[in-house]
Amino acid sequence: MSLKTLSVGFVPLVDAAPLVVAAELGFAEAEGVHLALSREPSWSAVRDKLALGALDAAQMLSPVPIAMSMGVSGLPSAMEVLSVLSVNGNVVGVTPALAARMRGGGWQPARSDAAATGRALIAAAEGGLTIGVPFPFSMHAELLYYWLGKLGLAAPAGLDVRTIPPPRMAEAMGAGEIDAFCVGEPWGSVAAEAGAAEIVLAGRAIWQFAPEKVLAVRGGWAEAEPAAATALLRGVWRAARWLADPDHRLAAAEILAGEAYLDLPSEVVDRTLAGRVLTAASGEERRVPQLIEFFDGAATFPWRSQALWIAERMAARMGLDRAEAARAARRCFRADLHRQILGPIGADLPGASEKIEGSLHHRTPVASATGEMFLGPDAFFDGIAFDPERDTQS
Amino acid sequence: MSNRLKSQIRIAVVERERERALLIVDGLAEAGDFDVTVIGDDTGLARRLEALAPDVVLIDLENPSRDMLEGLAIATGTTERPVAIFVDRSDDEMTRAAIEAGVSAYVVDGLRPDRIKPILDTAIARFSMFSRIRRELDATKAALAERKTIDRAKGLLMSARGLSEDEAYGLMRKTAMAQGKKIIDVANALVTAADLLG
């Protein structure tokens with residue numbers, strides 16, 4: 001029997017791990033589908049190819065399918081998210097000169113939280129900041145706008161967010177194009193190692209449980225291809241569970257580092273998977289709990305409230321209809337399908353599809369299929385929670 | 001720019017490969033009277049585009065700098081910025097043709113569709129033409145490399161076994177057929193073995 005082949009787009013980053021492992025270790029084939037992974041040169045290419053059917057599914061930055069569904073990025077097309085592929089994974093780096101000015105103002109890296117670091121950065125910036133992100137619609141951009149905006153540095157007056165491909169961040173910093181960046185590991189550590197940047201904050205310090213990459217398909221595809229969608233999601237979920245075992249870390253780093261994927265030394269990939277960030281060229285490393293998370297705390301679950309937070313932030317910033325944005329977001333994150341497809345294979349999943357984002361400050365038990373589910377902390381740095389009932393117009 | 005006619009459309013072609021850039025520029029010259037600038041280098045792309053303020057940007061779909069263009073297209077600002085042509089779904093056929101040809105276009109909002117069409121048609125045709133030429137070139141190169149390997153393998157057989165050129169080739173063909181392989185595979189194996197044996 002020949003397996004159905006799905007063409008799945010990915011961008012060579014550590015958080016492509018669930019897709020790469022699902023394909024390389026046979027998790028997808030065991031579920032009845034062959035994944036033909038297609039390495040893509042840009043998020044724009046992923047987006048256009050998925051919208052036009054050149055790809056069946058793809059790894060995407062979590063805000064992209066929502067932006068596409070809202071009609072503000074590329075071809076306006078209803079997109080659907082079957083799963084979150086990774087949570088967290090970003091770091092903020094600044095030029096060594098800016099870091100020195102922050103220290104001069106009394107900032108202490110090891111003892112500073114997001115608020116203290118943000119205030120030190122704004123003070124050291126003397127006016128305005130130009131910050132690089134990988135894509136205009138990205139968690140990187142959302143975290144920056146939220147963090148610096150809450151501390152009083154708003155776009156576009158004080159904050160200019162520019163798009164720079166992650167491998168070029170170090171170079172752009174050297175050329176004086178940007179003062180800082182927010183980028184997914186290992187690119188922050190790579191820039192630090194090259195002496196171009198100092199890492200001052202992990203994205204997790206801004207939002208402790210930020211959905212970073214998602215598995216996206218065209219709207220209606222999962223219903224039209226139920227067997228393929230089921231096999232794809234189950235294979236990817238089993239890969240995420242495999243990745244959660246610390247004993248598999250080295251093997252995962254070896255696979256991901258390969259020429260077909262990240263094409264980087266495996267130690268660089270392993271450092272990220274082990275939760276370590278290289279903060280400066282001097283070789284200092286910092287451990288960040290849940291630097292990147294694939295599985296624990298229902299990491300794969302596409303909470304509608306996560307989509308609503310993203311849509312609400314984008315709509316407010318871009319002056320779009322908030323009620324319409326909320327409707328698009330609710331349709332986009334398929335918490336229902338996730339539960340329906342993964343429930344029968346024993347995945348313990350939350351009973352609710354929306355939660356108050358940012359209300360958990362510790363590991364907390366919640367109602368689930370088996371009643372033994374814990375969610376990790378998901379607080380925002382300013383302690384303010386996002387309640388979809390209260391904070392969206394719908 | 002003072003010498004630019006008010007109605008003349010300004011096009012930026014972002015393309016590092018010189019031959020392809022020339023092919024597109026020539027095509028555009030035939031299609032109409034456009035002000036065409038080629039940007040061949042990724043560094044400072046944003047700055048150059050901002051200075052140029054083109055009405056249309058043509059760029060390879062696979063170019064990693066596309067994300068940067070997306071950033072420019074949605075940035076808030078007073079100047080007119082090109083937006084992706086794909087936002088207009090009115091012509092799915094053309095969009096599909098563009099994807100297949102591997103070209104993406106960013107067009108300033110408000111430019112009339114009938115003025116854009118000849119530019120896109122030309123870009124699509126020239127991108128396709130270049131892909132075809134490159135495929136043919138790759139095939140020719142591969143054939144040439146095979147030829148060389150087979151000639152070397154023939155030479156090895158001739159000197160090792162005292163065969164004529166035709167006999168050496170015949171032996172390789174017979175071996176290939178017997179093993180269900182191609183002649184080039186047999187030749188490669190021979191050359192590799194000879195290299196290993198010194």
Side-chain angles (χ1 to χ4, degrees), chain A residues 9 11-12 38-55 61 64 67-68 71-77 130-138 140-141 154-157 159-169 171-172 174-178 314 317-320, chain B residues 14-17 41-51 57-79 81-107 109 120 124 127 131:
Chain A
V11 171
S38 170
R39 181 166 138 168
E40 299 294 337
S42 69
W43 294 113
S44 321
V46 170
R47 179 197 61 197
D48 297 341
K49 287 180 186 178
L50 183 60
L52 287 157
L55 294 171
L61 295 152
V64 171
M68 292 170 80
V72 293
S73 185
L75 278 167
S77 3
T130 303
I131 308 188
V133 297
F135 200 64
F137 298 98
S138 59
H140 315 73
L159 176 62
D160 183 4
V161 175
R162 301 221 165 170
T163 303
I164 313 262
R168 271 208 65 234
M169 287 294 179
E171 187 193 333
E177 287 174 46
I178 48 174
M314 286 198 297
R317 193 171 59 248
M318 300 173 76
L320 304 169
Chain B
V14 181
E15 178 57 62
R16 201 182 298 175
E17 228 170 307
D41 196 356
D42 288 350
T43 52
L45 176 64
R47 236 190 331 258
R48 293 200 59 189
L49 283 174
E50 274 169 322
V57 181
L58 297 174
I59 183 169
D60 188 332
L61 192 76
E62 303 282 342
N63 190 318
S65 294
R66 274 194 65 209
D67 285 351
M68 226 177 332
L69 263 174
E70 295 279 335
L72 290 181
I74 71 128
T76 49
T78 47
T79 50
R81 289 161 192 275
V83 296
I85 185 65
F86 299 133
V87 294
D88 181 11
R89 271 212 110 141
S90 59
D91 199 342
D92 261 12
E93 199 57 43
M94 182 182 282
T95 306
R96 200 165 292 280
I99 295 262
E100 268 161 26
V103 60
S104 58
Y106 293 78
V107 178
D109 211 7
L120 290 185
I124 291 167
F127 266 77
S131 308

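Lettering follows sequence order; numbering is per chain, from 1.
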Considering non-hydrogen atoms only, spot the tightest contact between A:Pro165 and B:Met68 and give its length.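 Shortest heavy-atom contact: CD-CE, 4.2 Å.
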
In this structure, are over 12 heavy atoms from other groups packed under 6.0 Å from B:Arg16 atom CZ? no

Could you tell me which residues satisfy salt bridge (Lys or Arg N to Asp or Glu O under 4.0 Å) with A:Arg162, sequence neighbours excluded, listed by chain and number?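 In terms of salt bridge (Lys or Arg N to Asp or Glu O under 4.0 Å), with neighbours along the sequence ignored, A:Arg162 is linked to A:Asp160.
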
Could you tell me which portion of A:Pro167 (side chain, backbone, both or neither) has an atom closer than 4.5 angstrom to a non-hydrogen atom of chain B?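 The answer is neither part of A:Pro167.
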
Distance in Å, A:Arg168 CZ paired with B:Asp67 CG, rounded so as to fall on 0.5 Å steps: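 Rounded to the nearest 0.5 Å, the CZ-CG separation comes to 12.0 Å.
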
Could you give the distance from CD (B:Glu70) to OG (A:Ser44), rounded to the nearest 0.5 Å? 4.0 Å

